[in-house]
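A quick write-up on the structure given underneath.
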Amino acid sequence: MKFTIKRAAFIHNLTDVQRAISSKTTIPILTGLKMELTQEGLTLIGSDADISIESFLSVEDDKIELQIDSTGSIVLPARFFSEIVKRLPEETMTVEVEDNFLTKITSGSSEFTINGLDANNYPRLPEIEDTNKLMLSADVLKQLISQTVIAVSNQESRPILTGVHMVIQNSELLAVATDSHRLSQRKIHLDIPTDVHYDIIIPGKSLTELSRTLTDGVDTVEMRIAENQVMFIVDHTSFYSRLLEGNYPDTERLIPTSSTTQIQFDAPVLLAAIERASLLSHESRNNVVKLTLSPADSTATIYGNSPDVGNVEESLHFEELSGEELEISFNPDYMKDALRSFGQATIDIAFTSALRPFTLMPSEDHEDFIQLITPVRTY
Amino acid sequence: MKQKNLYDSFLQLEQETQQLLSQLDVIKETMSGTLEKDAELEIENEHLRQRLEELQKDNASKNNDSDENGLSKSKQNLEKLYEEGYHVCREFYGSRRENDESCMFCTDTIYEDHH
């Protein structure tokens with residue numbers, strides 16, 4: 001195997017693939033980068049068994065200036081190889097595999113020889129047919145990911161909750177995540193037949209990594225679903241993730257359908273106030289802020305208290321307030337995460353009682369996005 | 001010779017550490033067993049007290065089954081368990097609520113509108 005390529009293009013693809021390569025893997029060969037050279041071009045593959053990323057450099061792409069002398073494949077230690085490639089002196093480099101997987105990397109007057117591994121020992125990537133494909137807008141997908149992964153659980157003791165539950169039916173994609181303290185649900189419309197139905201759980205970590213590969217230049221993402229794998233194709237890069245097995249808890253029943261107190265806020269204004277109130281609550285043992293709503297007096301007040309440090313009280317600026325009086329306490333960190341996901345929007349918060357979860361929704365498009373936070377009981 | 005001594009003392013240390021670890025395990029097991037028993041006894045005690053109270057009330061007017069939140073007796077029991085720091089939801093029933101964090105599955109189980 002021997003090829004010459006423009007370094008900048010190679011590094012660009014290598015950076016994508018490297019996201020999947022972890023130095024802490026139980027399968028030693030996965031610390032390596034797999035390169036597969038055919039007459040059509042060069043494929044780079046990285047994997048940590050959960051996530052795999054495959055990126056293709058086509059011989060037909062003039063910008064890459066890929067010259068193929070002989071085809072073949074090799075696995076090289078990813079960390080060293082990428083450090084070497086990034087520091088080579090010239091614009092182009094040549095990679096040549098010699099006997100015993102010894103690989104020579106040359107650029108200008110610099111020449112490295114590193115030990116490679118037999119590519120036949122590298123695990124095969126799953127093959128996913130393109131019959132079950134969905135086209136998604138990259139921007140929408142990125143937003144959906146950022147809005148739901150905040151609520152994913154990071155406790156390995158509840159594996160199922162470390163994923164985002166995605167249900168596709170009736171031409172809609174419903175994504176839900178919850179760590180049982182808060183919940184986030186986003187719905188998007190898809191241009192697909194109404195009889196297409198899927199019910200999958202994608203690990204939150206995979207989605208976070210996927211979201212990083214969705215840079216500004218990307219318009220659409222192709223999503224393919226198989227038995228226990230999901231695949232996203234972005235340009236010449238394919239992103240594979242395993243799916244979580246099991247039944248996701250029924251979350252539909254958790255979302256309240258009615259409310260007794262309603263308030264409308266400008267999300268950034270409330271976020272700033274919560275951030276101030278949480279300065280002290282973080283010092284206290286139970287990290288709680290208290291919100292008092294009084295529609296009769298038309299006031300909304302927030303308190304933060306930490307016995308050792310002091311307390312804070314702030315009268316909140318809101319848009320609208322109606323319903324019954326209420327005093328409710330909650331973890332300000334969950335509130336902050338939730339509010340950040342709304343950006344600059346105006347939001348409606350609806351409460352049922354001091355003990356039941358409350359909902360946050362954008363004032364426009366109530367249907368599409370909802371966040372749920374459980375209050376903390378205080379005595 | 002010196003190196004051999006060093007190795008021997010490493011070996012000894014290793015054995016001691018392993019021993020310590022297994023001891024720790026045993027103690028941990030015993031402790032969690034005791035704690036469990038303690039919780040069980042406390043609940044048992046509570047039940048007995050309740051029974052006693054009921055008996056002492058004789059045939060006094062039949063008390064109302066719901067509390068101020070409109071919760072039935074069984075829901076009140078669930079609420080009490082929840083407040084003691086255990087999950088009462090179907091998803092994680094019986095496991096400890098870490099850091100006393102609230103759980104929306106539990107609150108749904110306890111306070112759901114009775115449908």
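Atom-to-atom distance recorded for B:S102:OG and A:R182:CZ is 10.5 Å, nearest 0.5 angstrom. With values rounded to the nearest 0.5 angstrom, A:I373 atom CD1 is found 8.5 Å from B:M104 atom CE. The OG atom of A:S157 sits 14.0 Å away from atom CZ of B:R96, with the distance rounded to the nearest 0.5 Å.
Between A:R377 and B:E79 the shortest side-chain heavy-atom distance falls below 4.5 Å. Using a 4.5 Å heavy-atom threshold, the side chains of A:P357 and B:T107 count as touching.
For A:K205, the NZ atom sits in a loose shell: 12 or fewer heavy atoms of surrounding residues, nucleotides or ligands are nearer than 6.0 Å. With a 6.0 Å radius and a threshold of 12 heavy atoms from other residues, nucleotides or ligands, B:E29 has its CD atom at or below the threshold. Within 6.0 Å of CZ on A:R340 lie more than 12 heavy atoms contributed by other residues, nucleotides or ligands. By the 6.0 Å contact criterion, CD on B:E16 is enclosed, its count of non-hydrogen atoms from other residues, nucleotides or ligands being greater than 12. Within 6.0 Å of atom CG in A:N247, 12 or fewer heavy atoms from other residues, nucleotides or ligands are found, so the atom counts as exposed in its surroundings. Counting heavy-atom neighbours within 6.0 Å of A:E364 CD, excluding the residue itself, gives a total of 12 or less.
The most heavy-atom pairs under 4.5 Å with chain B, out of A:L372, A:I160, A:N331, A:T251, come from A:L372.
In the model, A:Y248 has no side-chain atom that pairs as donor or acceptor with a side-chain atom of B:E91 under 3.5 Å.
In terms of heavy-atom proximity, A:T178 sits nearest to B:F105 at CG2-CZ, 4.0 Å. When all heavy atoms of B:D108 and A:R356 are compared, the closest pair comes out as OD1-NH2, 3.9 Å.
Residue A:P375 touches chain B through its backbone alone, counting heavy-atom pairs closer than 4.5 Å.
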